[in-house]
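Notes follow once the structure below has been shown.
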Amino acid sequence: MKKDKIIKTDKIIFAVAGLLFAAITFATIVKDNVPEWKYYQSEFKYIAAEVAAEEAVSKIPSGIQQIWVEDLDRVDRCVTCHQGIFWPGLENKEQPYATHPQMSLFNDHPPEKYGCTICHGGQGYAVDYISAHGFVKFWEEPLLAGAVASDYNISEKAALLETNCNVCHRYERETKGMPFINHAKDLIQEKACWGCHVINGEGGTIGPELNHIGEKHPENFDWTNFSGFRSAFNWHLQHFDEPAQIVPGTVMPKMGLQTRDRQALALLMMSWKDENLPTKYIPGFRQKEQLRPEESSKRQELLAGDGAFFIEKGCFVCHSIKAFGIKSPTEKGPDLTFALDDTRVRFRQTLQEFVFDPTQSGTMSIIFSTKIILTDEEKWELINILTKANHEYKKNQNNNQ
Amino acid sequence: MQTGSEGAANGRRSFLGKITLGAFAAAFLGQGWTYLRALVPNIKYEPPKKFKVGSPVEFAEGINFIESKGLFIIREGSQYSSISAKCTHLGCTVKYAPLQHAQTVKVGGREITEKYEFHCPCHGSKFRQNGMPYSGPAPSSLPWHKLEIAPEDGQLVVDISTSVDSDFRITI
């Protein structure tokens, strides 16, 4: 009897376990098949129908969508839910259906070359709300939107985004559409931060170098004298306010900065990252050829004084100008030292007439109309320099004789 | 002899047994399905198979080569088609080779009039206007790609994951 009872209980346990197992399996399959993004995609069809024909709506892709950017080694699946980004006419819809608020940015930043997260932050791989917006542990680049801005008490919602703009635009002195960072760059010059810090590769060595200060993890800051929420941004804010209080014994002076100044500077600090970017993504980045010292000094010499005009405009490619010590590498044209006389002899024109109407010379009329286009002001400058050069050269010759 | 209560117990037992068996069978089938499903990725980390190539009006009449994508867009008035420029032999980019005189050739039992061909500079494979190879080592035809119109901005979209017949045209 007792044995029977045990078996009976076992059987019930076994049945319950089986049902539970089946239920969990069923739930897993259902959960896998009804992700968040499917809901948004089905909703978007209704929203798109308001501005587009039925046929166009039927062609809206379904399934996980992504922008794959090889150069930046990123894949952004934001477009899985944000399907309206490229649809004009949905500007006033709520997220994730709205048109991108600044479509004109796509002219210089085509989405297939940039993706989304390089500017906006967030976790491009993820396709659910919380993870994709990066509000999860161990994802250190959250979506730089209003939520984070209000956490940091920044009144201008888009200010945080400028941090990411400046990851590429760091070498530009001023960039359109980045008032916060532009203001911070003004302050860098105004307060001469470069006197003590290496910034963008140049500067003094009294303070730590700041080339990649944006990479410094909150764990690596000194929090001993800090109070409040510990984040790199907040550390910079307090440090800019009272350097000596945060880092006792520092020689960094108190700059008397307003809240907005400090916020702008802290954002600038956060933007100085060591992102692995192809150089074509970095405006103002210029690779320079290395010259031998004598070549370098010769170029400096040529670019100083009156002769510089002919180097900058490229005249020297064909014309030597003895008066300025410029020797043409090709010597295709006559020496311009004597242009004042030459134009009279060759074209029966004064230099002034020739410069304004070079049709007598086939080559120069092509050059002046297609290759070296001078403004009237520059033409007068050219005439003055050449006249002066001619007179001075002759005077020197006479003196030598 | 079976008493009534024993019979009921037996019935209950077999009912319980059926439920247990059914539940486990369903669960294992479901689990099996999830394992198999996991082998098929939802999306891959790879270049897009479907991409915009520009507004249809931007294309010139005739052949347009899109270097970055390795394909031709062919415009005949309001009709568009797209053929791969990747040689089916070793992947070199084939060259558009216009013929001096249009010629009629028989390809796969059908007569076509061709005005141009595609020639591969690497190993000399030659393809008819419809992509069929007739000379050289290329083993198969140049694939024709499906074309679509992007619903949001009307740009031409090439879908290289879907091969279509050489007669495929999209009319805009």
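Letters A, B, ... are given to chains in the order of the sequence lines, protein chains preceding strands, and every chain is numbered from 1. Only a predicted model underlies this, so the values are computations on that prediction, with no experimental measurement involved.
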Looking at [options], which makes the most heavy-atom pairs under 4.5 Å with chain B?
{"options": "A/E55, A/R77, A/E112", "result": "A/R77"}
{"options": "A/I64, A/T28, A/I60, A/D32", "result": "A/I64"}
{"options": "A/V69, A/I12, A/D73", "result": "A/D73"}
{"options": "A/Q66, A/K59, A/Q83, A/Q65", "result": "A/Q66"}

Taking the six-membered ring for Trp, are A/F135 and A/Y129 closer than 6.0 Å centroid to centroid?
no

Is it the case that the ring center of A/Y114 lies less than 6.0 angstrom away from the ring center of A/F106?
no

Could you please spell out the steps behind the ring-ring contact (aromatic ring centres under 6.0 Å, His included) verdict for A/W87 and A/F44?
CA-CA 11 Å; A/W87 285 70; A/F44 182 70; 5.7 Å; yes

Tell me, please, whether B/Y134 has B/R128 positioned over its six-membered ring: NZ or CZ under 6.0 Å from the ring centre and within 45 degrees of its axis?
yes

Could you tell me whether the side chains of B/N42 and B/R37 share a donor-acceptor contact shorter than 3.5 Å?
yes

Look at atom OH of A/Y281 and say whether more than 12 heavy atoms of other residues, nucleotides or ligands are closer to it than 6.0 Å.
yes

Checking an interface table here. Which of residues 44-55 of chain B come within a heavy-atom distance under 4.5 Å of chain A?
B/K44, B/Y45, B/E46, B/P47, B/P48

Test item: B/S141 and B/F127 side chains (from C-beta on) under 4.5 Å apart, heavy atoms:
no

Determine whether A/H82 and A/Q95 make a side-chain contact, defined as any pair of heavy atoms from C-beta on separated by less than 4.5 Å.
yes

Check whether A/L20 gets within reach of chain B through its side chain, its backbone, both or neither, counting any heavy atom under 4.5 Å.
neither

